[in-house]
Asks: 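Let me give you the structure first, and then I'll get to my questions.
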Amino acid sequence: MTSTFTPGLVAVLAALTIFLTLYAIYAPVQKSRKNIEDEVMGEQEVATPTDSLGKYAKPLINNFLPQLPVKNLSPQNKTKLQDFLIKAGNPWRLTPEEFVGIEIVFSAIGFFIGLIVAVFNGIPAVPPLLLIIIATLMGTAIPYSTYNSKRIARTNEIQKQLPEALDLLVVTLTAGQPFESALNQVVPQLPEGLLKDELTRVNMQMRAGTSLEKALKNFTKEIDSEEVDSFVKAIIQAQRLGSDITETLQHQATFVRDNHEARVQKMIAKLSTTMFIPLAGTMLPAFLIIFLAPSLTSLGSML
């Protein structure tokens, strides 16, 4: 294959990839198979994707891969993916099969981008084969990294808001209210955010006839947080044993607040190490100039 033919072939492949991608995004969605989003979203309302990337990822998978080669996922892998998608809030509204399909599509896109850059010597210092592999892996990692960042953001938001909610519950329970009634009164007073939305869902489930224990367990499935798991387990145990929930919540509020302060202190302790890298990169050249300038000046005068 001649050097003049290779760029032309790559250009044709790139144009074909762009055409197929644009077709998959903007063509009407083909509903050729049963929508199984309810299985992943549980009792949440099925809605459109909640971020800009997801608005393109959803039609991409529905049109470009209508018959997924990964539709026969093992039950164990499917359950793990379902839990991961739910805890991340499922911003792209994908089923486990669609999530794996999206990874395949993004890996293919990364492969072609790496191939194009390698053919046109975009990064001479990197071998072409290594460049293609890196681009493919980066494309494959985009869906997971996007969802994982959403999961971490949801966890952090819940952990920040939970101590205040527990304090309000303690005050309401001290007035003699049962836990279900106290939760119903406290939720509207919480600031707008993820915790208020999730506890509102808990109240709605209980009004619909779901038991408190089941509604709280559904709550733990939505959030990947040790504090939430501990809070729910303590409430369920107190309900089963008939013990005082007020004292339990006071201990939980202290536990959650101490954990949050420990995380903040840990982040503060890492700042010195984190700031060293950019400071070294910006200050080292200045120090070199300061220390070497007199020697270079003397050397220049001698010459």
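The model shown is predicted, which means the values in this text are computed figures rather than measured ones.
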Asks: Can Ser74 and Gln76 be counted as having a side-chain donor-acceptor contact under 3.5 angstrom?
Replies: no

Asks: Okay, side chain of Thr136, backbone of Ile132: is any donor-acceptor separation there less than 3.5 Å?
Replies: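 Yes; judged by distance alone, with no hydrogens or angles, the pair exists.
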
Asks: Can you name the nearest heavy-atom pair linking Thr140 to Ser107, along with the distance?
Replies: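 Closest pair (atom of Thr140, atom of Ser107, distance): OG1-CB, 2.9 Å.
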
Asks: Are any side-chain N or O atoms of Asn156 and backbone N or O atoms of Lys160, one a donor and one an acceptor, separated by less than 3.5 Å?
Replies: no

Asks: Determine whether the aromatic ring centres of Tyr144 and Phe84 lie less than 6.0 Å apart.
Replies: yes

Asks: Can you check side-chain contact (heavy atoms from CB on, under 4.5 Å) on Leu212 and Met206, steps first, answer last?
Replies: CA-CA 6 Å; Leu212 173 63; Met206 289 192 295; 3.4 Å; yes

Asks: Determine whether a donor-acceptor pair (N or O, by modelled atom type, separation under 3.5 Å) exists between the side chain of Glu157 and the backbone of Leu194.
Replies: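 At least one qualifying donor-acceptor pair exists.
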
Asks: Flag the pair Lys196 and Glu192 as a salt bridge only when some basic side-chain nitrogen lies within less than 4.0 angstrom of an acidic carboxylate oxygen.
Replies: yes

Asks: Where is the tightest heavy-atom contact between Gln189 and Leu168, given as atom of each residue plus distance?
Replies: OE1-CD2, 4.4 Å

Asks: Would you say the side-chain atoms of Ser230 pair up with the backbone N or O of Glu226, donor to acceptor, closer than 3.5 Å?
Replies: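 Such a contact is absent between Ser230 side chain and Glu226 backbone.
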
Asks: Would a single hydrophobic cluster contain both Leu162 and Leu173, if residues Ile, Leu, Val, Met, Phe, Trp and Tyr are joined by side-chain heavy-atom contacts under 4.5 Å?
Replies: yes

Asks: Could you see if Ile86 belongs to whatever hydrophobic cluster contains Phe219? Use Ile, Leu, Val, Met, Phe, Trp, Tyr and a side-chain cutoff under 4.5 Å.
Replies: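 Hydrophobic grouping puts Ile86 apart from Phe219.
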
Asks: Please report the shortest heavy-atom distance between Ala88 and Pro91, naming the atom on each side.
Replies: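 It is O-CD, 3.7 Å.
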
Asks: Between Asp224 and Arg154, is the closest basic N to carboxylate O distance under 4.0 Å?
Replies: no

Asks: Determine, using the 4.5 Å side-chain heavy-atom cutoff (strictly less than), whether Ile235 and Met204 are members of one ILVMFWY cluster.
Replies: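 Different hydrophobic clusters.
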
Asks: State whether the side chain of Asn184 and the backbone N or O of Glu180 hold a donor-acceptor pair below 3.5 Å, judged by distance alone.
Replies: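 Here the side-chain-to-backbone pair does not exist.
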
Asks: What pairs with Phe231 under ring pair (Phe, Tyr, Trp, His ring centres under 6.0 Å), at least two apart in sequence or on another chain?
Replies: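 Testing Phe231 for ring pair (Phe, Tyr, Trp, His ring centres under 6.0 Å), a comparison that skips the adjacent residues, returns none.
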
Asks: Determine, using ring centers only, whether Tyr147 and Trp92 are less than 6.0 Å apart.
Replies: yes

Asks: Are the side chains of Val187 and Leu183 in contact, using a 4.5 Å heavy-atom criterion?
Replies: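 Leu183 reaches Val187 side chain to side chain.
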
Asks: Between the side chain of Ser181 and the main-chain N/O of Pro178, is any donor-acceptor distance below 3.5 Å?
Replies: no

Asks: Are Arg201 and Glu222 close enough for a salt bridge, meaning some N to O gap below 4.0 Å?
Replies: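 Not counted as a salt bridge, because no side-chain N and carboxylate O are separated by less than 4.0 Å.
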
Asks: Spell out, as yes or no, whether a donor-acceptor pair under 3.5 Å connects the side chain of Glu98 to the backbone of Thr95.
Replies: yes

Asks: Could you grab the distance from atom CG of Leu137 to atom CZ of Phe111, nearest 0.5 Å is fine?
Replies: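 Here the interatomic distance stands at 12.0 Å.
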
Asks: Stepwise, does the side-chain contact (heavy atoms from CB on, under 4.5 Å) test hold for Leu81 with Asn77?
Replies: CA-CA 6 Å; Leu81 271 179; Asn77 291 335; 5.7 Å; no

Asks: Verify whether one side chain among Gln205 and Asn218 offers a donor that lies under 3.5 Å from an acceptor in the other.
Replies: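 Yes, a side-chain donor-acceptor pair sits under 3.5 Å.
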
Asks: Could you check whether Asn148 and Arg151, counting side-chain N and O atoms only, form a donor-acceptor pair closer than 3.5 Å?
Replies: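 Looking only at side-chain atoms, Asn148 and Arg151 do form a donor-acceptor pair, the distance falling under 3.5 Å.
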
Asks: Between Gln237 and Lys233, is the side-chain contact (heavy atoms from CB on, under 4.5 Å) condition met? List the steps.
Replies: CA-CA 6 Å; Gln237 184 177 7; Lys233 289 178 181 178; over 6 Å; no

Asks: How many angstroms lie between CD1 in Ile134 and CD1 in Ile113, if you round to the nearest 0.5 Å?
Replies: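 So the CD1 of Ile134 and the CD1 of Ile113 are separated by 14.0 Å.
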
Asks: Roughly how far apart are Asp229 CG and Lys221 NZ, rounded to 0.5 Å?
Replies: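 Taking CG in Asp229 and NZ in Lys221, the distance rounds to 12.0 Å.
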
Asks: Working to the nearest 0.5 Å, report the span between CD of Gln239 and CD1 of Ile245.
Replies: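 Interatomic distance, Gln239 CD to Ile245 CD1, rounded to 0.5 Å: 4.0 Å.
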
Asks: Distance check, rounded to the nearest 0.5 Å: Asn203 atom CG versus Gln185 atom CD?
Replies: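 Going from CG on Asn203 over to CD on Gln185, the span is 10.5 Å.
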
Asks: Roughly how far, to the nearest 0.5 Å, is the CZ atom of Arg93 from the CG atom of Leu85?
Replies: 11.0 Å

